[in-house]
Amino acid sequence: MQRMLIVSNRLPFTIQERKGELHVEPSVGGLATGLRSWHKSQDSIWIGWPGITQKRIKRETDIMARLLSENCHPVSISQQDVELYYNGICNSTIWPLFHYFPLQAEYGQHFWPAYERVNTAFANVVAGLARSEDTIWVHDYHLMLLPRLLRERLPKATIGFFLHIPFPSFEIFRLLPWRNQVLEGLLGADLVGFHTYDYTGHFLDSVHRLLGYEAAMGQITVADRIVRADAFPMGIDYEHYSNVDQDPATQAERKRFRRKIGDCQMILSVDRLDYTKGIPQRLEAFSAFLDAYPGFKRRVVFVLLVVPSRTKVEHYIQLKRQVDGLVGEINGKHGTIGWMPIWYLYRSTPFHSLAALYSLADVALITPLRDGMNLVAKEYITTRIDGKGVLILSETAGAAQELGQALIINANNREEIVEALAHALEMPEQEQIERNRVMQKRLRRYSVVRWADEFMDKLLQTKKIQREMAAKVLTDDMERKLVSDFLKSQRALLLLDYDGTLVHFSPRPSEARPGTELLRLLDELADDPRNEAVIMSGRDKATLEEWFGALNVGLVAEHGAWIREKGGEWDTIERLTGEWKKEVHPILESWVDRTAGSFIEEKEFSLVWHYRKANPRLGELRARELINSLSNTIANLDLQVLEGSKVVEVKNAGINKGRAALRWISREKWDFVLGVGDDWTDEDTFKALPSTAWSIRVGMGASAASFSLGSPGEVVALLARLVGRKT
Ligand code: ADQ
């Protein structure tokens, strides 16, 4: 039976200590409230921190039993790590930074080791519980290293990751000292999910710019695996919220509140006490509203429901003081005997009271400065089954992208909030209903169950793609067969690409010089009279000569323009001219001027524009423009434009590696032929090979080659095996 392992920092239940006694209580916050109902409906296990030390839980056997009966498995975090990891890196570094508060982010020197320690503790518990067929779903910013740690322990596992907070733009993300480790940690997953398309884009951008992995349609190729990233806007338990209004407990609560509010209209806001939620700004806007529209005095109350959160972190302690002060000030300024404009409740509220407030509120004023999604906005709209009520929502909440019929405001624009409040309080009922029905329809369709199901579908789909790709991977068995064919052969031809195949790419082409170990290997292979080895490169002949001139190998330079038989002289494959370069060079120069970090490489019969060191997005854009612009010039000059890995190359038409390869292939009857390459210029070689040949592409992706290997290291290891055993 397939099980689901949900892993998050907090379990859905928190153990609180009051007067020496432990109590199990539901955790607050969007992740716990959102996923709790889904967890119950699944055969799932939830792994997380219960809020107190493991030792203490173990002593309290009934608490442990209660957790286990809810399928919850605790992970222990030491008191010191609660400080450094939870209050430290999670809530004082990552949280502010990812919510665009870089000035509040602290970079304590002991934070990172604690983050690694706690992520490793989670990995140990998860790996201990996981069976091979389980699906593991890791949640949120506390555990961004966990996917990779799990991948190392369980290479074949199905691992999903979901980030509940925004993923910031590259310029903000790069400020994190441990940014690369975080990205590498996340890429241990098979699928990385975000609330919005923007966050997904920011993540892919950072992966590209910091780790160099490109993505096509949200699919990233990481060494020998693919990882996908996509947007899954989290929904809520629609049934639960849309029915709660009928519940007698809710109705009783509503009556009680209505009596207290009297005829006043009610504005409601509900948040954890967090500086990202924009509570002080909201209070100031409310005060400005009463100044601008004094006619609403005594006709409206603002219920400010705030749930305590992260009470040990300094910024939260300060915020509490600020909010307390502001509420007092505004009530003092505008209040009268018998009318208090703000009703401030600082506590966690039982579900029925919350639902009663939602169903009574004429306006929900949700104005976070930044919010990954914001479930409160969705809960409010769903609870209003009568269709009435107006949602004012800030554009920087992820939910704003789905709830377009709300009054969308900029949380920093006080005037806009003031006007939105006046508009909302006076909005005709019919208009309220029309707007809300559209949003309700969407929320019903895309509930938390649908969100989780879609994530799971996509995760399994990703696994399927990986399996299809793995089918091409050169397995140990096939490799043994290849080696044995080679060992039996009397005449073996090896056609080997160089960059990206025998060595990794370097930022500058001149830095990819072959090491002594590789040269020794090639030398040994080429020295056996039964073998013929050819290095087939796009590089110029001077470089190949310098690097491989002393070896007994054939050389192909400039993608087939130049050929040097072993022991022979360089020769062109046909009479070629480089006259055209005078016309093309100035075009490439203007692209270098406009694209910082790019440069031109000049070869005898080709010109190459390199952009590996340029800003990747700019580089790609400029490459497209260059290809377009060259298309007019080359038509008259019998040239071709090739796109390689971060290069655009212009050269004579009709020259390619396949044509060069045929020189050797057709020369004699080989009883073993191997072609290895990594990019599309090598596809011409693969296509020229006889059907009995072995062909291997380095990396994933569509190819005419029959097999694939993950990296140049694996190719070199294969060559070493060929050399090691031929007797
Ligand atoms: P949060 O920052 O916690 O979640 P949110 O999505 O609004 O924000 O969820 C808050 C939850 O707590 C809601 O379900 C709400 O009903 C409940 N709640 C709030 N105040 C309460 C109170 N006084 N008493 C009882 N319950 C209360 C994080 C991200 C969000 C993202 C969620 C889910 O910051 O952006 O939407 O995860 O991914």
Side-chain angles (χ1 to χ4, degrees), residues 6 8-10 12 14 25-38 90-91 94-96 98-101 137-142 161-168 193-196 198-199 231-238 240-241 244 253 268-279 303-310 316 323 343-359 361 364-383 391 393-394 396-403 411 443 446-448 451-452 455:
I6 300 174
S8 67
N9 176 57
R10 279 299 178 110
T14 300
E25 285 169 9
S27 302
V28 292
L31 191 162
T33 45
L35 262 181
R36 200 172 7 234
S37 54
W38 189 76
C90 291
N91 291 331
I94 302 172
W95 178 270
F98 280 40
H99 284 89
Y100 293 77
F101 285 81
W137 194 3
V138 181
H139 290 266
D140 229 0
Y141 62 99
H142 315 83
F161 179 91
F162 191 84
L163 187 71
H164 289 261
I165 64 173
F167 194 97
F194 302 90
H195 282 305
T196 73
D198 282 343
Y199 307 156
F232 303 87
M234 186 173 182
I236 58 166
D237 184 347
Y238 188 86
H240 190 49
Y241 282 93
V244 66
E253 275 296 82
L268 172 70
S269 78
V270 179
D271 328 72
R272 282 185 306 99
L273 185 69
D274 197 297
Y275 49 84
T276 61
K277 304 285 182 185
I279 300 171
V303 177
L304 180 72
L305 182 56
V306 178
V307 62
S309 178
R310 303 172 196 172
Y316 291 75
V323 171
W343 296 13
Y344 175 31
L345 310 173
Y346 178 63
R347 67 187 78 124
S348 182
T349 314
F351 180 62
H352 289 106
S353 308
L354 185 63
L357 286 170
Y358 282 150
S359 71
L365 184 60
I366 319 272
T367 58
L369 300 173
R370 228 13 111 156
D371 213 336
M373 171 53 73
N374 193 295
L375 298 179
V376 169
K378 294 186 169 184
E379 292 167 2
Y380 172 66
I381 294 293
T382 307
T383 309
L391 171 64
L393 180 60
S394 88
T396 38
Q401 304 202 359
E402 292 170 83
L403 303 178
L443 293 172
Y446 209 91
S447 65
V448 71
W451 165 78
F455 185 91

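Order of appearance sets the numbers: ligands from 1, and atoms from 1 within every ligand.
The closest donor-acceptor contact from the side chain of Thr382 to the backbone of Tyr238 lies at 3.5 Å or more, if one exists at all.
Of all the atoms in ligand 1, the ones that sit under 4.0 Å from a non-hydrogen atom of Tyr358 are 16 (O). In the vicinity of Thr349, heavy-atom distances shorter than 4.0 Å reach the ligand 1 atoms 22 (C), 23 (N), 24 (N), 25 (C). The Trp95 neighbourhood of ligand 1 comprises atoms 34 (O), with distances under 4.0 Å to a heavy atom of that residue. The atoms of ligand 1 that sit less than 4.0 Å from any heavy atom of Lys277 are 1 (P), 2 (O), 8 (O). If you number the atoms of ligand 1 from 1 as listed, the ones under 4.0 Å from a heavy atom of Leu375 come out as 5 (P), 6 (O), 7 (O), 33 (C), 36 (O). Residue contact check: Met234 has heavy atoms under 4.0 Å from atoms 33 (C), 38 (O) of ligand 1. Close approach to Arg272 involves these atoms of ligand 1, each under 4.0 Å from a residue heavy atom: 1 (P), 2 (O), 3 (O).
Of the polar atoms of Tyr241, none of the N or O atoms is found under 3.5 Å from an N or O of ligand 1, judged by distance alone. Considering backbone and side-chain N/O atoms, Gly372 comes within less than 3.5 Å of an N/O atom of ligand 1. The shortest N/O to N/O separation between Val270 and ligand 1 does not fall below 3.5 Å. Considering backbone and side-chain N/O of Phe162, none are found under 3.5 Å from N/O of ligand 1.
Ring-plane geometry between Trp137 and His139 is classed as tilted, the angle between the planes lying from 30 to 60 degrees on a 0 to 90 degree scale.
Among His139, Lys378, Glu379, the residue whose heavy atom lies closest to atom 15 (C) of ligand 1 is Glu379.
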